[in-house]
Amino acid sequence: MYCTSTQLKLLSEQELISYERQGNLKLPRPYRDFMKTYGDGTYSGVICINLPDFHILNNYSQYDFWQYETAPITQEQIEECVVIGNSIDGDYIAIHRTLNGYILLPRHSDMIEFFPYSNEPFLSTICKIGYALYDEALDNYFEPTGAKHLFLKYYQHNLHGLSKRFKAAFQYDYLIENEYICKVFLYRMGGYVRFNYAYSTEVTIFYNEYGFEYYQEIKKYLNENGCK
């Protein structure tokens, strides 16, 4: 997995134990290992891996968002679930102290899905959840929480041409590119530049404080090449 930044916010063993006591549950080992190694952040730009949240679902049991006849939990147990992740579209990934698996509470479906615990790494399960949500494989990169960003608008006519020139001008560490988007990752900046081919005028710089000087260099280049 490519990690965009050195600025990781890791959880200690004592912090994890504190969360477990607060929620009266045992956090799954793969999740614990991930939080001790990488901390919270976003995987593949679409799945947020979060600190345990004990309250976000408290009011959901009052509403009939999901079907419960074949679900792994009851409607009353929803408010007891601990959220440890979410998609950028509002789907929740949760755990419950009585279950040995991850619960997917989808926003656009009333069918709750269940992913049993296993010995596989946490990201392997996240990839399965991502495929269930988006019907495609997730890109293998992780953005630790804390990055800053700057939105720019491209005022010329060939965003593909700009991205090609940019890739030639700056040595990048990782690249994701398809017909809709191009992400050029620069570890020295603690982030990446995103060229949004789908909208043809949008360029965004993601960076961390330690890479601010390099960010300024990137911004200057983009400004001089039609981005404001």
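The model shown is predicted, which means the values in this text are computed figures rather than measured ones. All values below come from the heavy atoms of this structure, side chains included, with hydrogens, waters and symmetry mates left out.
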For E20 and L27, indicate whether the former's side chain and the latter's backbone hold a donor-acceptor pair under 3.5 Å. yes
Tell me, do F114 and I73 make a side-chain contact under 4.5 Å, heavy atoms counted? no
Taking the side chain as C-beta and beyond, is there a heavy-atom pair between E177 and K167 under 4.5 Å? yes
Which is it for K148 and Y215 under the side chain to side chain donor-acceptor pair (under 3.5 Å) test, yes or no, and what are the steps along the way? CA-CA 10 Å; K148 302 179 182 297; Y215 154 77; over 6 Å; no
Once the angle between the rings of F34 and Y38 is folded into 0 to 90°, is it parallel (under 30°), tilted (30 to 60°) or perpendicular (over 60°)? tilted
Find out whether W66 and I78 are in side-chain contact, i.e. whether some heavy atom of one side chain is under 4.5 Å from a heavy atom of the other. yes
Rounded distance [0.5 Å steps], CD in E79 versus CD in Q62: 8.0 Å
Do I112 and Y68 have side chains that approach each other closer than 4.5 Å (heavy atoms only, starting at C-beta)? yes
Flag the pair L105 / F65 as yes when at least one side-chain heavy-atom distance between them is below 4.5 Å, and no otherwise. no
Given 3.5 Å as the limit, does a donor-acceptor pair link the side chain of D173 with the main chain of Y187, or not? yes
Taking N178 for the side chain and Y180 for the main chain, is one N or O donor matched with an acceptor at less than 3.5 Å? yes
So does P144 get a backbone contact from the side chain of S5, meaning a donor-acceptor N/O pair under 3.5 Å? no
Using a 4.5 Å cut-off on heavy atoms from C-beta on, say whether the side chain of V46 contacts that of S87. no
Can you check whether N223's main-chain N or O pairs, donor with acceptor, with K228's side chain at less than 3.5 Å? yes
Mutual orientation of the aromatic rings belonging to Y221 and F166 [parallel < 30°, tilted 30-60°, perpendicular > 60°]: perpendicular
Are the side chain of T4 and the backbone N or O of G191 linked by a donor-acceptor pair below 3.5 Å? no
Could you state whether L123 and L138 fall into the same hydrophobic cluster, counting links through intermediate Ile, Leu, Val, Met, Phe, Trp or Tyr residues with side-chain heavy atoms under 4.5 angstrom apart? yes
Test item: I17 and R32 side chains (from C-beta on) under 4.5 Å apart, heavy atoms: yes
I want to know whether F142 and Y43 have ring centres closer than 6.0 Å. no
Do Y31 and Y102 have ring centres separated by under 6.0 Å? no
Main-chain N/O of D89 paired to R107 side chain as donor or acceptor, under 3.5 Å: yes
Is a side-chain donor or acceptor of Q75 paired with a backbone partner of S61 at a separation under 3.5 angstrom? yes
Should the ring pair Y2 and Y174 be called parallel, tilted or perpendicular, given that the plane angle runs from 0 to 90° and is split at 30 and 60? parallel
Q77 and T98, any side-chain heavy atoms less than 4.5 Å apart: yes
So with a 6.0 Å cut-off around NE2 of H108, is the heavy-atom count from everything else above 12? yes
